[in-house]
Amino acid sequence: MLTAFGHQHWWPGDSPFEVLVGAVLTQNTNWTNVEKAITNLKNANALDPFIIRDMPNEQLAALIKPSGYLNLKTKRLKNVIAFLCEKHEGDIENLKNYPVYQLREDLVSINGIGPETADSIILYALEKPTFVIDTYTHRILTRHQLIDPDAQYEDLKEYCQYNLPEDTQLYNECHALLVQIGKNYCKPKPKCENCPLNKYPHQLEELYT
DNA sequence: GACCAGGCACATC
DNA sequence: GATGTGCATGGT
């Protein structure tokens, strides 16, 4: 993957806090839309935990509007930032003092932070080794029959971590590359126009005659 | 106009 | 515990 696509330089962002915000805003959303939302926050001088914490929900929703699910993501951002401000003095660097399992447990307990968002924050904002699983990773690994099709998040994570040395930079690059491959070659509905079965009637009984 | 995008919580069975 | 649904905008 690295030979084909080169280094991905993830996560795009100027600070760990920006990475955290991006991790929430990119939930089920195209990254270009997230960039617009983050630009809005920057232009409003609002990319700061305490400023967002004290901002009215309507104002925050208006700024992050391009990333979609604005009301939902307003609450989710406020939740994770409340955790950061109230328990860690608003300084994301303080989170680095905790072991990965503890961080993950704390993050996942926040409403709006699921396993992928938690892992993204831990890997890309805190630079600690935990493998991030996303839709593309799931799709690629199952379509290549590397893992059971109904494998869950934790199964996929375990598979990846078991088969790779525990290394932050490797996990970083590998996940970013899987996303790159997925975007280009692993669409949700595979194009079937070249399938030889298309030459035959779409009745199962007729395929046998 | 349909489909898709770097999920998650909640309801229901 | 598995499965279905709502959440919303912008690009292709």
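Reminder, nothing fancy here: chain letters follow the sequence lines and each chain counts from 1.
- Set against dT9(C), dC8(B), dG10(C), the side chain of Lys36(A) has dG10(C) as its closest nucleotide.
- For Thr117(A), a side-chain nitrogen or oxygen approaches OP1 or OP2 of dC8(B) to under 4.0 Å.
- A gap of 16 Å separates the P atoms of dT5(C) and dC3(B), to the nearest Å.
- The pair Asp106(A)-Lys87(A) does not meet the salt-bridge criterion, since no charged nitrogen lies less than 4.0 angstrom from a carboxylate oxygen.
- Rounded to whole Å, the distance from CG on Leu107(A) to C1' on dC8(B) is 14 Å.
- Across the protein-nucleic acid pair, Arg139(A) atom CZ and dG7(B) atom P stand 9 Å apart, rounded to whole Å.
- In terms of position along DNA chain B, the nucleotide closest to Asn33(A) lies nearer the 5' end than the nucleotide closest to the other residue of the pair Ile113(A) and Asn33(A).
- Side-chain atoms of Asn111(A) lie closest to dC10(B) of the nucleotides dC10(B), dG7(B), dA5(B).
- Across all strands shown, Leu70(A) has heavy atoms under 4.0 Å from sugar-phosphate atoms exclusively, and none from any base.
- One interatomic measurement links the two molecules: CG of Leu25(A) to P of dC8(B), which rounds to 13 Å at whole-angstrom precision.
- Across all strands, Ile64(A) comes closer than 4.0 Å to no nucleic acid atom at all (heavy-atom distances).
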Using the salt bridge (Lys or Arg N to Asp or Glu O under 4.0 Å) rule, take Lys96(A) and Glu93(A) through it: C-alpha gap first, then chi angles, then the decisive distance, then the call. CA-CA 6 Å; Lys96(A) 291 185 175 176; Glu93(A) 295 296 321; 3.2 Å; yes

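- Nucleic acid contact class of Lys183(A) (heavy atoms, under 4.0 Å, all strands): base.
- Rounded to whole Å, the distance from NZ on Lys75(A) to P on dA9(B) is 13 Å.
- Between Leu72(A) atom CG and dT5(C) atom P the separation is 18 Å, expressed in whole Å.
- Under 4.0 angstrom from either OP1 or OP2 of dA5(B) there lies at least one side-chain N or O belonging to Tyr136(A).
- For CD of Glu89(A), the number of neighbouring non-hydrogen atoms (other residues, nucleotides, ligands) closer than 6.0 Å is 12 at most.
- Applying the 4.0 Å criterion to OP1 and OP2 of dG7(B), one finds that Thr26(A) has every side-chain N and O outside that range.
- Among the atoms of the strands shown, none is found under 4.0 Å from any heavy atom of Ser67(A).
- Here the P atom of nucleotide dG7(B) and the CD1 atom of Ile110(A) are 18 Å apart, to the nearest Å.
- Taken to the nearest 0.5 Å, the NZ atom of Lys42(A) stands 9.0 Å off from the CD atom of Glu35(A).
- Put simply, CZ on Arg76(A) is 12 Å from P on dC7(C), counting in whole angstrom units.
- Asn40(A) contributes a side-chain N or O that, together with a main-chain N or O of Leu63(A), makes up a donor-acceptor pair within less than 3.5 Å.
- If you measure from atom CG of Asn184(A) to atom C1' of dT12(C), you get 14 Å, rounded to the nearest angstrom.
- Residues Thr32(A) and Asn28(A) each lie close to DNA chain C; by heavy-atom proximity, the contact nearer the 5' end of the strand is made by Asn28(A).
- Listed candidates were dA8(C), dG7(B), dA5(B). Nearest to the side chain of Tyr69(A) is dA8(C).
- Considering every non-hydrogen atom in both Thr26(A) and Trp31(A), the closest pair reads OG1-CE3, 3.7 Å.
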